[in-house]
Amino acid sequence: MTQSELGAGFGKAKSWQKRHILVAFCFMATFICYIDRVNISVAIIPMAEEFGWSATTKGNVLASFFVGYLLAMIPTGWLANKYGGKKLLGIALIGWSVFTFLTPIAAGVSLSALLLTRVLMGVGEAASFPGVYNLLGRWIPKQEKSRAAAINLTGIPLGTVFALSTTGWLVASYGWQSVFYVFGAAGVLFAIVWLKVVHARPSVHPHISDEERAFLAHLENSEAEDKAPVPWNIFLRHPAVWALFVNHFCSNWTLYLFLAWLPSYFRDVQGLSIAGSGLFAIGPWICQFIAGNASAIIADKWIASGTSVTFVRKFMQCCGLIGGSALLIAASQATTPNMALFMLCAAFAISSMAWAGFACNHLDIAPKHADVLFSISNIGGTLPGIIGVALTGFLVDVTGGYTATFILAAGISVFGALFWLIFATGEPILESDRQAAQA
């Protein structure tokens, strides 16, 4: 196989190499991560009815996950950089799957026990994206970064769709407890396969071809680079890193709003059943899956043709945030389930352009430290899970509807687009990464 065929990227069967198999496994890890994260958004409806929870208590239960997620974010980024994404994510998969399994048991003990279990589950899932980005930074060349990141992010909508479509059925057929038992056990089984199949970098893969190993050699860290300290000072003061932090916050505000509350929205506002609210909520995530991957393909083609990486990242991110915010405002005025579904599908589709914007920018500006950089920006990305999810429950109780939450999300998106336009870049910010990019 020629070097041009090796660099052709995704989409052709003959070009599928070990790095593409790695991306597929990263997708599966994210897929399972979001099944376990989202299933409670449907299961919490019968849970709240059984335990007599208010919307505010529901919001606190949903938000508790993000407390552990936030607290563990920087430590897991450092661990990924020091020990590699394969080991860290394999162990984390086992950890969060066990706490998923324990969720109904904890709920039966007390609300405090349930909150603690969700916090510990968040600690486990905090390792997911730092682990993935550690692997992508060591396996994926420049012309494939957008698609690799997008395929991994595909695990978010597809995992969400799977959770929404199966959780309602499991609740109706076997009770809400079955949801956590089934998905927790499945996660442990996948972790065993992950630890056997995934390899930390091309040079240690026992079955990679000599051609692919040579093609990816420029991504390997030297011994000195492996032992070098993380450049925290540069990361904490560079404007491009703050652009990532702010946009992770702004993009995830809408993401977590709907991960946690979309089924409840269709149940409370549009009058659908528990199963129907879960199934109706699938549409926006399918649209996000299609549009997000399409935008990544376009972005990689632009970059391969010589278009500035900075221009591509700014165009995709700003269009996604501003376009999505306009459609969120329109969705807040929907008066029927079909109208709401149409507007939300369009909003999700356009906002998914951010997959080719901020979501892969860590791999542009610091590929050898993308794991740590993601852990920094994802502190901003996690705050909406704590503030936004809980605030939504409060606003629903106070206003009696979801209009205020949609308008607030739209305003946050516009702010993020302006910040990104001013401060973001697509060029490496560390000298070692600049030299590798020129090699």
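Just so you know, residue 1 is the first one in the sequence shown, and it goes up from there. As the structure is a computational prediction, the values presented were derived from the model and not from experiment.
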Would you name the heavy atoms of [X] and [Y] that are closest together and state the gap between them?
| X | Y | result |
| --- | --- | --- |
| Tyr34 | Gly155 | CB-O, 3.9 Å |
| Ile412 | Cys250 | O-SG, 3.4 Å |
| Leu341 | Gly283 | CD1-CA, 4.2 Å |
| Ile322 | Ala417 | CG1-CB, 3.6 Å |
| Ala80 | Pro130 | CB-O, 3.7 Å |
| Asp364 | Gly426 | CB-O, 3.5 Å |

[X] (side chain) donor-acceptor with [Y] (main chain) under 3.5 angstrom:
| X | Y | result |
| --- | --- | --- |
| Asp300 | Arg147 | yes |
| His20 | Gln17 | yes |
| Trp194 | Lys86 | yes |
| Asn293 | Phe289 | yes |
| Lys314 | Leu421 | yes |
| Asn247 | Gly416 | yes |
| Asn152 | Val23 | no |
| Arg201 | Trp139 | no |

Pair Asn39, Thr167: side-chain N/O donor-acceptor within cut-off below 3.5 Å: no
Distance-only side-chain donor-acceptor flag, Tyr69 / Asn378, under 3.5 Å: yes
Within this structure, what is the [atom1]-[atom2] distance for the pair [X] and [Y], rounded to the nearest 0.5 Å?
| X | Y | atom1 | atom2 | result |
| --- | --- | --- | --- | --- |
| Phe180 | Leu102 | CZ | CG | 11.5 Å |
| Ile376 | His369 | CD1 | NE2 | 10.0 Å |
| Leu88 | Ser128 | CG | OG | 9.5 Å |
| Thr100 | Ile32 | OG1 | CD1 | 10.5 Å |
| Ser377 | Met73 | OG | CE | 8.5 Å |

Contact check, side chains of Phe358 and Trp420, non-hydrogen atoms, under 4.5 Å: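 They are in side-chain contact.
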Close side-chain approach of Trp232 to Ile74, heavy-atom, < 4.5 Å: yes
Positive for side chain to side chain contact (heavy atoms under 4.5 Å, CB included) with Leu89, one of Val132, Thr30, Thr76: Val132
Hey, can you tell me if [X] and [Y] have their rings parallel, tilted or perpendicular (30° and 60° cut-offs)?
| X | Y | answer |
| --- | --- | --- |
| Phe374 | His362 | tilted |
| Trp302 | Phe311 | tilted |
| Phe27 | Phe31 | tilted |

Ring centroid separation Trp96 to Phe99 under 6.0 Å: no
